Amino acid sequence: MVTPTVPTLRDTIAEDLRTQITTGHLKSGDRLPSEPKLATHYKVSTPTVRQALALLQAEGLIEKTHGKGNFVRTPLRRITYTGGTGIPFAPDLQTTIRTTTVRARGHIRTLLKVPSNSPLTEFQCTTYEGETPRSVARIYIPRDLAPTARLASSSWPGGRDVDRTETQETVTARLPTPEEASALRISPTRTVLTITRIALNSTGRVLEAALLALPSDAADAVFTTHPTLKEETDR
């Protein structure tokens with residue numbers, strides 16, 4: 001017999017405020033009562049209220065402005081990351097790109113499987129909807145492959161696309177790094193969806209490593225699987 005889970009005070013408060021927001025009782029831009037007032041209203045301690053508000057911040061329903069309080073956020077249109085594309089693309093999204101030369105170290109060196117201090121080309125990509133950042137990505141390509149990177153393709157900057165035979169993508173939900181929170185202009189308590197993408201050729205050489213981060217409450221990731229010839233035959 002499964003024992004029902006009893007909601008905590010934090011969850012109960014968060015659910016009540018969430019309902020008020022989703023039903024329109026609390027509208028975009030509205031300021032929530034102060035934490036002491038909420039604590040009095042719900043007959044709980046202020047730390048419990050803060051825990052409930054942190055849940056709503058992580059969901060992207062409210063945002064905290066230092067010195068002013070907590071406000072209901074304007075809902076963002078969800079954007080979709082399509083597996084294998086490197087960064088989100090849509091007609092109403094604009095992407096700024098900065099290119100620099102770096103040396104392979106730490107996690108990046110491990111992903112690319114290159115000797116330490118090998119020269120790499122780094123593409124720093126930020127996607128905007130209007131003036132709002134929607135995603136940030138850092139894409140690394142071994143320097144000897146960088147001249148073949150293309151700017152005018154939905155798969156850009158996909159390194160040597162002609163040699164690409166395999167793409168590996170790892171999806172994780174976590175809190176943003178300070179750099180990601182700053183670039184995306186989000187609270188450090190707001191969860192991000194991160195995608196680590198590795199492209200390889202037929203010999204197993206890594207052509208590209210991409211690290212992408214998007215606010216998880218306003219993004220979806222879609223991956224399409226095509227059956228191999230053998231799978232088709234076995235049906």
Side-chain angles (χ1 to χ4, degrees), residues 2-81 87-88 90 92-94 96 125-138 170-196 211-222:
V2 178
T3 303
T5 302
V6 178
T8 65
L9 290 173
R10 176 200 67 177
D11 294 331
T12 300
I13 295 167
E15 178 58 27
D16 183 53
L17 292 172
R18 187 184 296 113
T19 299
Q20 292 186 54
I21 293 170
T22 56
T23 58
H25 181 72
L26 287 171
K27 298 178 174 56
S28 297
D30 284 355
R31 182 181 183 276
L32 271 62
S34 67
E35 292 176 357
K37 286 184 178 180
L38 287 172
T40 300
H41 174 74
Y42 289 108
K43 298 180 174 60
V44 297
S45 66
T46 301
T48 299
V49 167
R50 287 176 182 157
Q51 292 172 12
L53 295 176
L55 287 177
L56 300 179
Q57 289 172 21
E59 295 171 15
L61 292 175
I62 66 173
E63 58 185 347
K64 186 170 186 176
T65 303
H66 183 69
K68 294 184 178 180
N70 294 286
F71 295 83
V72 179
R73 288 184 62 237
T74 301
L76 285 175
R77 178 179 68 87
R78 300 185 72 86
I79 63 172
T80 300
Y81 169 80
I87 56 178
D92 52 349
L93 296 179
Q94 302 83 41
T96 63
C125 310
T126 304
T127 301
Y128 293 87
E129 183 176 16
E131 296 183 358
T132 303
R134 301 303 305 274
S135 72
V136 292
R138 290 182 180 272
T170 303
V171 182
T172 306
R174 58 167 172 76
L175 294 178
T177 64
E179 181 182 36
E180 290 167 344
S182 176
L184 292 169
R185 303 175 197 163
I186 60 174
S187 164
T189 62
R190 186 175 168 192
T191 307
V192 292
L193 186 71
T194 64
I195 299 169
T196 301
L211 309 176
L212 173 69
L214 314 92
S216 63
D217 60 312
D220 299 304
V222 177

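Given the structure is predicted, the values throughout are model-derived calculations rather than measurements.
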- Query: What's the shortest heavy-atom distance between P88 and L212, and which atoms?
  - Reply: CD-CD1, 4.1 Å

- Message: Which residue is it: R190, R78, R134? I am looking for the one with a salt bridge (charged side-chain N to carboxylate O under 4.0 Å, His left out) to D217.
- Response: R190

- To the nearest 0.5 Å, atom NE2 of H41 lies from atom NZ of K43 at 8.0 Å

With a 3.5 Å cut-off and sequence neighbours excluded, list the donor-acceptor pairs that the side chains of residues 61-68 form with protein atoms.
unit_1	atom_1	unit_2	atom_2	d
K64	NZ	E35	OE2	3.4

- Message: Are there over 12 heavy-atom neighbours, none belonging to L211, within less than 6.0 Å of that residue's CG?
- Response: yes

- Note on the structure: Interatomic distance, CG@L26 vs OG1@T19, rounded to 0.5 Å, equals 10.5 Å

- Query: Do the side chains of L55 and I13 get nearer than 4.5 Å, heavy atoms only?
  - Reply: no

- Calculate, to the nearest 0.5 Å, the distance between atoms OG1 and CG belonging to T80 and D220 respectively. 5.0 Å

- Message: Checking P188 now: which residues fulfil side-chain contact (heavy atoms from CB on, under 4.5 Å) with it, not counting sequence neighbours?
- Response: none

- Query: T126 and P133: which non-hydrogen atoms are nearest, and at how many Å?
  - Reply: CG2-CB, 4.4 Å

Could you pull out all donor-acceptor pairs under 3.5 Å where a side-chain atom in residues 170-181 meets a protein atom, sequence neighbours excluded?
unit_1	atom_1	unit_2	atom_2	d
R174	NH1	E180	OE1	2.9
R174	NH2	E180	OE1	3.4
R174	NH2	E180	OE2	2.9
T177	OG1	E180	N	3.1
T177	OG1	E180	OE1	3.4
E179	OE2	R138	NH2	2.6
E180	OE1	T177	N	3.0

- Query: Just wondering, do L9 and S45 contact through their side chains at under 4.5 Å, heavy atoms?
  - Reply: no

- Item | Sub-4.5 Å side-chain heavy-atom contact between L53 and L38 | yes

- Item | Side chain to side chain, L56 and N70, heavy atoms closer than 4.5 Å | no

- Task: Evaluate the side-chain proximity of Y42 to D16: yes if any heavy-atom separation is below 4.5 Å, no if none is.
- Result: yes

- Query: Which value, rounded to the nearest 0.5 Å, describes the distance between T8 atom OG1 and Q51 atom CD?
  - Reply: 8.0 Å

